[in-house]
Every structure is written in structure tokens, then in C-alpha cells.
Amino acid sequence: MRASQFFINTLKEAPSDAEIISHQLMLRAGLIRRLAGGIYTWMPLGLRVLRKVENIIREEMNRAGAMEMLMPAVQPFELWEESGRGPKYGPELLRLKDRHQREFVIGPTHEEVITDVVRREVKSYRQLPRHFYQIQTKFRDEIRPRFGVMRGREFLMKDGYSFHTSFEDLRREYQVMYETYTRIFTRLGLKFRAVAADTGAIGGTGSHEFHVLADSGEDGLAYCPDSDYAANVELAEALTPLPVGAGDTPLAAMQKVATPGKARCEDVAEFLKLPLTQTVKCIALVTQGEDNPGEFNLLLLRGDHSLNEIKTQKHLGEFRFAREDEIVAVLGSKPGYIGPVGIREKSDTSSSNGLINTLQYRSPVSNEIKARGLINTPPRETPIPTESSMNGLINSAQPKSPLPTTYAEEGLINTLRRTPPIRVVVDRSVAVMRNFVCGANDEGFHLTGVNFGRDLPIPNEIADIRNVVEGDPSPDGKGALQLCRGIEVGHIFQLRTKYAEALNCTFLDENGKDQVMEMGCYGIGVTRIVGAAIEQGNDERGIVFPTAIAPFSVVIVPMNFAKSETVRHAAMALHDQLQTAGIDVMLDDRDERAGSMFADWELIGVPHRVVVGERGLKDGNLEYKGRTDSEATLVDLADMCAFLQKKIG
RNA sequence: CGGGGUGUGGCGCAGCCCGGUAGCGCGCUUGCUUUGGGAGCAAGAUGUCGAGAGUUCGAAUCCCUCCACCCCGACCA
């Protein structure tokens, strides 16, 4: 390929609306151009990258035995009504009407269509298993498209769907896809990690996400270097830490201390010269679920921990954060100084599973078993400590009135008495704390030396509601967790029979009996991979593409191409030789100045560069420089082709 | 959808507060010189100042409405 016949249009400055590095570099290098929000044109240079990604995926899918096909982007809305997903999908589903007023959607995914195809075409167990896939344009009307191609509305996706006679066979294929995805991302030259994921709304039994590792990634990942445990932070279970010096620390007296202007736990800890882990933060939120609308909840987290909203939602149902005026009305204090002491707590022993975990952890069993016991939520049938059995634990010093008047003004008491009892959810790590610090429900004051069972009731609702932090014990009991960030580029699901059932996708088994097919679904965000690869590979000069997906593998940069006949001949001869050898080579015959050619190709991210100049040619040499090399190396003209083949691998 | 911000040649920005000739850098065109790290000089072209309505003798600038885009939240490959 010759640059003069190609289209190269680089920008010195990135458009100001491009925020993240991959978006900026893609625009600057001229890979993409924006048409509308979240909708991009792939310029010739960008398309080459996209096609290379696509081809690797295609090769590996074929190799795994999947069949490529192509389904329509426009789908009748009826199918979505039939699967029951139409109303639920909401405004993200772009709907339109044809001239006959028939309703259609632009496919955000293709479970419905493929299931429709298969139910018509596949009738017998003899035709199963089958795996169909396509690489096709999807449209999702994202609420907020952003980050260029990373969260576009229109994007290229590889979506595959497998159909099976049994769950065992689905699991076999799932494993095949896990390995296939691993091969794909390895071949793409990306640093990635497969993590356990939430099966979420799609349902099913097993699900893994494949993440490209990048500090700018939107997803937090937790993994254990000592085992193969890896999970999205949204999911990673936070075990109860062993209390430091458990049982030995003498109980301190509760004291109310002035902490003017110290609303955040960090400020309070610094002010009181106490470790952050000694503080408790209180988060007030209001549920919005159907069964408990408008219920005021107080969540207790250790000061150094952060709330995991997914876990919280699973525990409490839909919720929102309480507004300041609601907090003041219920607790009588501004946020920053609120706390669980002296409030009317709603007693609800029905959800004390977390407490059991804590108690198990405290019981003298082996570490291994303790860790194991905490991995899975114990079954609901497990006997739960009753109110009366817990009474013994509560210090007799507990005031008869739930409101210690020392800490509350008369007016506040009245307010609280009129307020319904507050549901308090205590994070596992808070449940094992002693002598902690929390807000006093009085602006400008905190309480120190607070203890459960004396200053406030033993927690009756303990749950895992925080994000894991680095160093937390791994849920598989095999070491400590590390954290990193990732960009989700692939997702595999065991769908089971959800869609097959809804769309009546059945087959006749060996006994001539009708059975519903088991389904798996496997997606890769092709477009997003390009953005993710750039997010992972870039420096101050531009993109650093892995050779496998670079728009060109090698660029020949001739010095003084127009005027020097020796250079021109040498450059063209090398170009032809490399091309014949099957190397994806670009010859920059634009006769630009050296500096601007170097800058262009470094911005574009071509991994290998050969400079042809009279200077080296005199001695029969060419100059080679890898994209990330600091120095160029001289290579004999005759050896260059073999040299590059070796580099490219 | 809620909160914040920005719209001025292709790109990056100034001008707006305090109304009066639309400006700078990059890019683009032509010529000459230059040619191993985004060249120099000279001459040029390119704007309904996001749209509409209003105030005013006069609006990029002030007021109103709308639109687009970006950032922060919930969704997802």
C-alpha cells in the first residue's frame, strides 16, 4: 500500500469534546469521525483495524466449530413481544414504523431472531448441538453515549448463540467458548482477565466477563494472585475481617466529642488522631421498591470502605440516597454527623444471615472452614438467633428508653417518636468493630468508644454491602484480593431455556418427546476492542497498537523520496519484497518532511518502521525502529525482510 | 432522566462581563526556498458567531425559547 493512494488525515490537536485518551487518539489519527452522538464513521485507516479484530474473532469462532451467519439489523417488534423483552427493554430499544405502520426495532441484540430461526429450522436432537454467530452492527440507544467508540450507540458486535439438548452439553460449549475467548484476546495482543460476573437480568447459571486491563476502565475487578479467583467488584464478596485483637480490647466509655466542620470520616479520623478503620460512616437511603416504598434506611460502613450499590440493591431492593432535608427530618442532624446511636431501630430478625456469618467467623473452627463458610450465604433454614436469645447479649446498661436523653434534645425525641422505626443495615466489617466512632446526630459532634450491645443494640441485620478493598481475604479462602480496572469486551452466558421457552424453541429427543432447547450466548464488543486496545497501548506520541491489529504492520519512511532516485528505488523494492512476503506494509511516498511522517506513523501506532535514506544506503543499511524502541537499529538491506518477519512473528 | 458545562472558518482557542470594523494559532490553496523529527518567507481562500424570537439606531456580546454536544449518576459489549 502506498500512502499517496491511501487516505491519511491526522490532527495536531484533538477536538475538545474527546475526553479519554483512546477517543482523542482515534480522532487525531483519523481512525474515526463523529456523525452524531455515539455514532461514528470508520475511516479507511480505522476500518483496517476493525477488520483485523473481526478476522481474528472469525477465525477462532470457526475453529471452535461455530457457524457464521448474518441476521437483519431491523427486526419486527412482534418477536420482542413474544419473548416478553419488548416492554422491559425500554427506550434503549430504538423502535420505528414502516410505511404500513408496522412496528420494527433496530436490533440491540439477536436472541429473539436466532431463536426464531432455530425453532423453524431445527427439529431433531440429531441436528444439535449448533452454534451460530454473526459479526454485525447493533444499535442501543444508550442514555449517555460517551468515550467515543467505547460506549457508542451504534457498534459492531460478534454475537454467538448455541443450542443444546441438555444443560451438560451447554456447559461443555460454555467451556469451549471460555477457551476460545481466551485465545481470541491473546491473539489480539491484549492484556486481559476473565472474571466471574453477575448473570443479571438475562438470567442463567453461569457468566464470565472478559476485561481488557486498563487504568481508565469503567469496571473495578478483584482477583486473587494466589488462585484463579477473579470477579467484578460489583460481585466480589467481602468477607468479615477478623476483628483486630478480638475480645481483648477493653470496652471504652462512650463519649460525645466536638468535631466542628469534620463531616467526612477521613476528617474525623485525622482530627481525633484515630485510624480511619476505627470510624463508621452512615449512609441514609430511601427504598423505592414495590413492597417497601419510602422506607428510610441507615447503612453502616467502616470509614475506609465504600458502598456497593449493586449488593445493596440486591439486599434492599430499589433505592435512592436520602435527601438532606429527609435526613434532618428523621435524624435531626445534617449528613456528616448522623449515627445509629439513640435511634428507634426497626427490629427485623428475618434477614440476619449476615449475623450468622459473623458468629461463625468468631467460633473456634479452622481458618479454612471459616473462610468456606463465608463464601456462600447460608441457607435460610439455618436457625436464627431469636430476639430473646439475643437479649442476653445486650448489656443491661441499655437504657429502657431507646432514646438516651443525654444525646437528644426534647424536641428531637418527639420528632423521632413520631418517625417510624429506622431499618439499620450493618456491613459485616462494622458488625465486628469495637470502640468505634460515629456521628452523634448532632451537627458538629461525633461519638467515640461506641459499642454494639451497650450503646446500641446488637445488629440484627448484617449484610455484605461494601466494595471489596485491596487486601481483603479472597472469597475462595486462598489469599488476599488485589484490585485493578478493566474494560468489558466480552461476555459469555449460560442462558438456559429462558428464550427457548418464551419462543417455544423445541426439538424431538430420542424418544420422540418434545423438549425445550438449552441456550448459551456469547458476545464480543468488536468496536470497543479497538478503543480498549488504544486505552491499553498509548504513549505521549500516540497509539501503540499490537501488531495483530495495527492498520499496517510495517511502514517504510523514505527520506527525500521525490528527489533521490536511489532512495526511491530502494524503498519501492523493499515495499514489493515485503508485500510478496505477505507482510502488511505501507510505503509513505507522500514526500512529506521526515518529521511529519515520523509523527504521523507514531500517532497512528504502526508497530514497525523502516527508514530508507541515502545516509544508510551508502553502506547498504536500512534503519529499523520498533514503535516503543528508544533507539533505531541498523539492518543490512538484504536482511531486512527476514528481520521483519521475525519481529512480526 | 436528574445535576454541571460548552456552542465563534476544517481543528484548537480569544472576543462576551462593559453592545459599535470578527480575530489568533494550526490546517488548506499558490509561489519560491528548504528537506533525518510536525520547515521559512510571501500572497490567498474559508464565518448566516448553534437555531429562532426579542430589546436596541446598532447584538457574537443583553433577555427569552429551543437545539446540539461534553462531563458526573443508573444501563451495557
Side-chain angles (χ1 to χ4, degrees), chain A residues 9-20 23-24 27-28 30 33-39 53 57 88-93 108-110 135-160 181 197-198 200-202 207 209-212 218-219 232 234 288 309-310 313 318-321 323 486-493 521-532 541-542 557-564 567 591-603 609 611-617 623 625 632:
Chain A
N9 207 4
T10 56
L11 263 32
K12 268 190 191 161
E13 282 166 300
S16 59
D17 52 8
E19 204 72 9
I20 63 166
H23 189 197
Q24 289 172 0
L27 289 168
R28 285 228 287 137
R33 295 275 108 109
R34 194 186 75 95
L35 207 222
I39 301 178
V53 174
I57 295 171
K88 272 184 243 161
Y89 221 91
E92 207 178 296
L93 184 63
T109 176
H110 281 69
I135 297 174
Q136 192 242 19
T137 299
K138 299 278 183 281
F139 193 94
R140 291 183 193 173
D141 204 353
E142 293 276 348
I143 298 165
R144 186 152 87 86
R146 58 181 152 167
F147 304 147
V149 114
M150 299 268 270
R151 185 180 294 277
R153 292 194 291 173
E154 187 181 293
F155 58 97
L156 240 206
M157 180 173 169
K158 187 287 296 182
D159 48 328
Y181 274 38
D198 191 3
I202 299 190
S207 172
E209 292 169 350
F210 287 78
H211 285 261
V212 165
E218 281 190 273
D219 290 294
N232 198 308
E234 288 175 350
Q288 294 185 301
E309 296 184 28
I310 307 264
Q313 197 190 319
E318 291 290 326
F319 70 88
R320 62 170 172 81
F321 291 101
R323 294 189 309 267
I487 301 162
E488 186 185 351
V489 289
H491 204 158
I492 57 178
F493 284 100
C521 104
Y522 320 92
I524 295 182
V526 181
T527 335
R528 185 180 278 184
I529 284 175
V530 180
R541 293 180 171 186
V557 181
M559 296 294 108
N560 219 345
F561 186 81
K563 293 217 176 117
S564 166
V567 167
D591 198 36
E592 283 283 330
R593 303 174 64 82
S596 59
M597 287 194 284
F598 292 157
D600 270 355
W601 296 113
E602 279 163 352
L603 174 61
R609 183 184 82 191
V611 174
V612 180
E614 282 185 329
R615 198 200 273 170
L617 243 30
E623 217 172 88
K625 187 166 178 291

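Lettering of chains follows the sequences in order, A, B, ..., and the numbering in each one begins at 1.
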Please state how far atom [atom1] in [X] lies from atom [atom2] in [N], giving the value in whole angstrom units.
X: A:I20; N: B:C72; atom1: CD1; atom2: P; answer: 10 Å
X: A:L11; N: B:G25; atom1: CG; atom2: P; answer: 18 Å
X: A:L27; N: B:C69; atom1: CG; atom2: C1'; answer: 13 Å
X: A:E218; N: B:A77; atom1: CD; atom2: P; answer: 12 Å
X: A:H110; N: B:A77; atom1: NE2; atom2: P; answer: 15 Å
X: A:R33; N: B:C11; atom1: CZ; atom2: P; answer: 10 Å
X: A:E13; N: B:C13; atom1: CD; atom2: P; answer: 7 Å
X: A:E19; N: B:G5; atom1: CD; atom2: C1'; answer: 11 Å

Determine whether any donor atom in the side chain of [X] lies under 3.5 Å from an acceptor atom in the base of [N], or the reverse, and answer yes or no.
X: A:R151; N: B:C75; result: yes
X: A:R146; N: B:C69; result: no
X: A:N560; N: B:G36; result: no
X: A:R593; N: B:G40; result: no

Mind checking who [N] pairs with, Watson-Crick or G-U wobble, both distances under 3.5 Å?
N: B:C11; answer: B:G25
N: B:A59; answer: none
N: B:C69; answer: B:G5

Where along nucleotides 27-32 of chain B does protein come under 4.0 Å, by heavy atom, of base (B) or sugar-phosphate alone (S), with - for untouched nucleotides? S-----
Under the 6.0 Å and 45° cation-pi test, does A:R528 pair with A:F155?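 No cation-pi geometry.
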Between [X] (side chain only) and [Y] (backbone N and O only), is there a donor and an acceptor less than 3.5 Å apart?
X: A:E92; Y: A:R140; result: no
X: A:Y522; Y: A:G490; result: no
X: A:R33; Y: A:L27; result: yes

Mind checking if A:K158 touches a base, just sugar-phosphate, or nothing, with heavy atoms under 4.0 Å?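 Result for A:K158 = nothing.
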When the [atom1] atoms of [M] and [N] are compared, how many Å lie between them, rounded to an integer?
N: B:C18; M: B:C76; atom1: C1'; result: 49 Å
N: B:G15; M: B:G23; atom1: P; result: 16 Å
N: B:A60; M: B:U55; atom1: P; result: 16 Å
N: B:C57; M: B:G38; atom1: C1'; result: 50 Å
N: B:U8; M: B:A51; atom1: P; result: 10 Å

Closest nucleotide among B:C69, B:G37, B:C13 to the A:S16 side chain: B:C13
A:R146 vs A:E19, salt bridge (Lys or Arg N to Asp or Glu O under 4.0 Å): CA-CA, chis, key distance, verdict: CA-CA 9 Å; A:R146 58 181 152 167; A:E19 204 72 9; over 6 Å; no
Heavy-atom closest contact (A:M559 atom, A:V567 atom, distance): O-CG1, 3.3 Å
